[in-house]
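Report on the structure given below.
Every chain is numbered from 1, with letters handed out A, B, ... down the list of sequences.
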Amino acid sequence: MLDRTFDPKTAEPRLYAQWEASGAFSPTDDPAATPFSMVIPPPNVTGALHIGHALNNTLQDVLIRFARMRGRAALWVPGSDHAGIATQMVVERQLAAEGNIGRRDMGRDAFVERVWSWKSASGRLIAEQLRRLGASCDWTRERFTLDDGLSRAVRQVFVKLYKEKLIYRDKRLVNWDPQLQTAISDLEVEQREIDGALWSLAYPLEDGSGEIVVATTRPETMLADTAVAVHPSDGRYAALVGRCVRLPIVGRPIPIIADAYADPEKGSGAVKITPAHDFNDFKVGQRHRLPIINILDAFARLNENAPAPFRGLDRFEARRRVVAQFDSLGLLRGVEPMRHFVPHGDRSGAVLEPYLTDQWWVDAKVLAGPAIAAVEDGRTVFVPRNWEKTYFEWMRNIEPWCISRQLWWGHRIPAWYGPDGLIFVAETAEGAAAAALEHYGRPEPLRQDDDVLDTWFSSALWPFSTLGWPERTADLKRFYPTDTLVTGFDIIFYWVARMMMMGLHLTGVPPFRRVVFNALVRDEGGTKMSKSKGNVLDPLEIVDAYGADALRFTLTAMSGQARDIKLSRQRIEGYRNFGTKLWNAARFCQMNGAISHADFDPGGAAGTVSRWIVGELQRSSATVTAALDACAFDEAAGELYRFVWNVFCDWYLELVKPILAGADAGAKAETRAMAAFVLETVLKLLHPVMPFLTEELWAKTAPVGQTRGCLLISASWPDLPSTWIDAAAAEEIGWLVALVTEVRQTRAELNLPPSARPRLDLIAPPDRVRAFAERHHDLIVSLARLGELGEVGAAPPGSVVLVAGQTTVGLAVAAHLDLAGETARLAREIATHDADIERTQRKLANQGFVAKAPAEVVEENRERLAGAMDAKARLEAARDRLSLLA
RNA sequence: GGGCGGCUAGCUCAGUCGGUCAGAGCGCCUGGUUUACACCCAGGAGGUCGGGGGUUCGAGCCCCUCGCCGCCCACCA
């Protein structure tokens, strides 16, 4: 016999091992099976599983298990991302903590080796955690963005795009992170609002005839100013255009130029131009061929281009000194505190500097075209749809993508430089050497580019590189393009857009047919979970406390939320209880010999309760199937919860108790088989969401002395015919449920003690209802806790009258009847009907409604009115009789 | 500045095509040794659907507008 509860701690590892050993995680070889494939959003190797991963991977696992059970050749490719910056930071921090020498002292090769050894030691953590969650990915196909195959793919793509001039090298301003010592892309810039100040600085005219005032939040950059700009139509300064100011401190004369970039509304209307340290100024500088003076080094200290006293100073110290100098020169025209947004590196948190360097770029504009078209024409569909707008907006305004990073951990850029600086791009050093030999006519020493590629460059190839591209592997042919990508909307630009661009450019087809965006998980207060805030719910801790199924069901049930999920322990506990409920239902079935029979035909059942439940089951399974097909995970979970608890447990199992305890052997046998069938079907339907508990029950509820033919993970998905829905049985059981509920409500209102067994009489019932009552006599008596169930022509004195649907009954409660209370109860009931009658009557009296509303809606309201008036009349009759008693 | 969400019961949220849509779970209250389950059972209270206007026979639902809250993008000399 089953224990009282499921024990996830011991069962989960055992079941997972069984699945993995069975080979169920790999797609079937059956050539007739239609492929269904997904690639995991590769977690960072540095990462530990957080609740966002848990959500994302639960949804993927639901989909892959669903597909597998439907007979698809289901493949879910797992893997992880080398996460350049993040990983390098982790290892550097570790070196520092251990008191080791730093990365630069260590040298590149030793450092990279150190990262690899860290990766092999710690990089398996997240894969283990995914297993604990129950993720059924194909571990035999696990990939890493820096493994040999993927590295080859990266190099080949780089070379191809370079040859197509879609990758190029260019010197321009980038977002420079002075702490990490690398360029980063626009996307990695985070605007943070900080307290700063706006300083007004006076620049004297060269001839001493006056001054021009400019305002800035970064006074130190004035050391690199090469112009002052005013708007061409700004009358205040028209006379000054073309003349020069002498830059204070520096002493350099710089021109006053006219450019529309200057906004007459802002500040003084004149703006300082620093081409080397401001993106907008850079463009102005290009228009006017201004010199570009870079005064910062890679650490954002002032370099040799700054006046001697400033050299070597940190930028913020330089700022203070520049301001002080202006002040002492009498040229500081004002300072006002200002809260403003300043760009920070999202990883380091350092204030970024626009910095002039040579970097590698991808011409994203060209690649974006086909990627936009694929979503426009529906070859790739976003779920929910509204993310398409965000995608289009970004893609249509896309800027060149800076792909080089001054890091050591990552794919080294396959470009080599000759002695004269000429670039040779090739997949290998030998290839580059050969090209150089051809060019120079003799061997020349080549130096490989020191930089590595942005991590997202390799991630962009993930859907096909993991399947073996550029080789034309069997997997690639069978599983590419993939079916569904499940990911967070926070990486729609970083990742989804770039996979679309690369996938289309390199393979000609979009890498997935559907992209499902899952919500963001937050804590109960709605703030993003983060370690620094200490509000992290550790998924593994939850799994330990409640089991993986409880966490999975919770996340699935809450996944419909538009943008974020607020998670609470209470909620998880509730769904753990749901699992226990099902467990105990199975326990009940087992105790009552409800065991499945292969030759049982559920559609041919004779008993009313059987015919009813099998129809409910059909409807429910169709709802769940449709919901999962549409990725409406929350709907699927909600329907399963409702059916299992509110239909199967609350009513069906209660309804069959008398049959199972009764003497009718035929009915008993049929009911046992039906209960087992419903349970078994529920296990299948619930398996994608709660795989562990259902798998355990599947094994434990096998026919006595037998084992199941296969694991539940490999069982086939229920496909029940709609002909199983029996309208007559549904009506009959619906009547019974309404009647029992009505009696229970009345008992509670009258404060009838549970021990009271009143008599219930049908009052002049129609033949059909009489037949229902006769058929379910014992059930009604037990469920409503009655003494007797009979029939009378009119309500006897001392009874209260109830109306359940079309049926009026008298409940004999004389001994407990509180006349005043009962009168009040009836009055309330009547008032409810009155309100309904009035509303419906008003509607039907409205000419417009009758004329314009669809006929069926009008008819529906007529019936509603008739029903309400009928019920009211019967309740009034009861009230009148009651007043006679008084 | 541009865009996207959200505002429905004490809390967290569903609500599809405008017509039993005023719902669920949790919490709360009342009652319960019902032989599967107290991780349970039965019952209950609680909402002017953010405000205002409009369209419609009919509006949480569509349109306009205002107000908060959150996020994304761009930018602020």
Which one, [options], comes nearest to the side chain of [X]?
X: A:Arg785; options: B:A36, B:C39, B:U34; answer: B:U34
X: A:Tyr641; options: B:C75, B:C26, B:C37; answer: B:C26
X: A:Cys649; options: B:C76, B:A36, B:C73; answer: B:A36
X: A:Leu653; options: B:A36, B:G5, B:G31; answer: B:A36

Plane angle bin for A:Phe382 and A:Tyr391 - parallel if under 30°, tilted between 30 and 60°, otherwise perpendicular: perpendicular

Just say parallel, tilted or perpendicular for the rings of A:Phe493 and A:Trp394, cut-offs at 30° and 60°. parallel

Looking at A:Asn577, I'd like to know whether one of its side-chain N or O atoms comes within less than 4.0 Å of OP1 or OP2 on B:C40. yes

Report yes if at least one side-chain N or O of A:Asn280 is closer than 4.0 Å to OP1 or OP2 of B:C76; otherwise report no. yes

How far does [atom1] of [X] sit from [atom2] of [Y], to the nearest 0.5 angstrom?
X: A:Met558; Y: A:Ile572; atom1: CE; atom2: CD1; value: 8.5 Å
X: A:Glu393; Y: A:Trp387; atom1: CD; atom2: CH2; value: 13.5 Å
X: A:Thr556; Y: A:Tyr641; atom1: OG1; atom2: OH; value: 14.5 Å

Taking atom [atom1] in both [N] and [M], what distance in whole Å separates the two?
N: B:U12; M: B:C73; atom1: C1'; answer: 30 Å
N: B:G47; M: B:G23; atom1: C1'; answer: 11 Å
N: B:C17; M: B:G54; atom1: C1'; answer: 22 Å
N: B:G50; M: B:A14; atom1: P; answer: 13 Å
N: B:U20; M: B:C62; atom1: P; answer: 16 Å
N: B:C41; M: B:G58; atom1: P; answer: 44 Å
N: B:G32; M: B:C49; atom1: P; answer: 38 Å
N: B:G18; M: B:C63; atom1: P; answer: 11 Å

[X] has an atom [atom1]; how far is it from atom [atom2] of [N], in whole Å?
X: A:Asn646; N: B:G25; atom1: CG; atom2: P; answer: 7 Å
X: A:Asp346; N: B:C73; atom1: CG; atom2: C1'; answer: 15 Å
X: A:Leu783; N: B:U34; atom1: CG; atom2: P; answer: 15 Å
X: A:Glu193; N: B:C71; atom1: CD; atom2: P; answer: 12 Å
X: A:Tyr575; N: B:C26; atom1: OH; atom2: P; answer: 8 Å
X: A:Lys581; N: B:C39; atom1: NZ; atom2: C1'; answer: 10 Å
X: A:Arg747; N: B:G32; atom1: CZ; atom2: C1'; answer: 11 Å
X: A:Arg587; N: B:A38; atom1: CZ; atom2: C1'; answer: 14 Å

Which heavy-atom pair separates [X] from [Y] by the least distance, and what is that distance?
X: A:Leu582; Y: A:Leu679; answer: CD1-CD1, 4.0 Å
X: A:Pro343; Y: A:Gln191; answer: N-OE1, 3.5 Å
X: A:Pro354; Y: A:His277; answer: CG-O, 3.4 Å
X: A:Tyr652; Y: A:Thr671; answer: OH-O, 3.8 Å

Answer syn or anti for B:G60, where the cut-off is 90° from 0 on the glycosidic torsion. syn

How is [X] classified with respect to the nucleic acid when contacts are heavy atoms under 4.0 Å: base, sugar-phosphate, or nothing?
X: A:Ile492; answer: nothing
X: A:Ala262; answer: base
X: A:Arg218; answer: nothing
X: A:Thr217; answer: sugar-phosphate

Both A:Pro264 and A:Thr5 contact RNA chain B. Taking the nearest nucleotide for each, which residue is further toward the 5' end? A:Thr5

Pairwise 5' ranking along RNA chain B for A:Glu573 and A:Gln570, keeping only the more 5' one: A:Gln570

Below 3.5 Å, does any donor atom in the side chain of [X] face an acceptor in the base of [N], or the other way round?
X: A:Glu654; N: B:A36; answer: yes
X: A:Arg571; N: B:C26; answer: no
X: A:Lys389; N: B:C4; answer: no

Under 3.5 Å between N/O atoms: give me all the protein pairs with nucleotides 42-48 of chain B, atom names plus distance.
from	atom 1	to	atom 2	distance (Å)
B:G44	OP1	A:Gln745	NE2	3.3

Is it the case that the side chain of A:Arg785 and the backbone of A:Ala756 share a donor-acceptor pair, with hydrogens and angles ignored and the cut-off at 3.5 Å? no

Side-chain (A:Ser268) to main-chain (A:Val213) donor-acceptor, under 3.5 angstrom: yes

Represent RNA chain B in dot-bracket notation, 5' to 3'. Only Watson-Crick or G-U wobble pairs with both distances under 3.5 Å count; pseudoknot-style crossings use [ ] and interstrand partners use |. (((((((..((((.....[...)))).(((((.......))))).....(((((..]....))))))))))))....

Ion pair check, A:Lys700 and A:Glu696, cut-off under 4.0 Å: yes

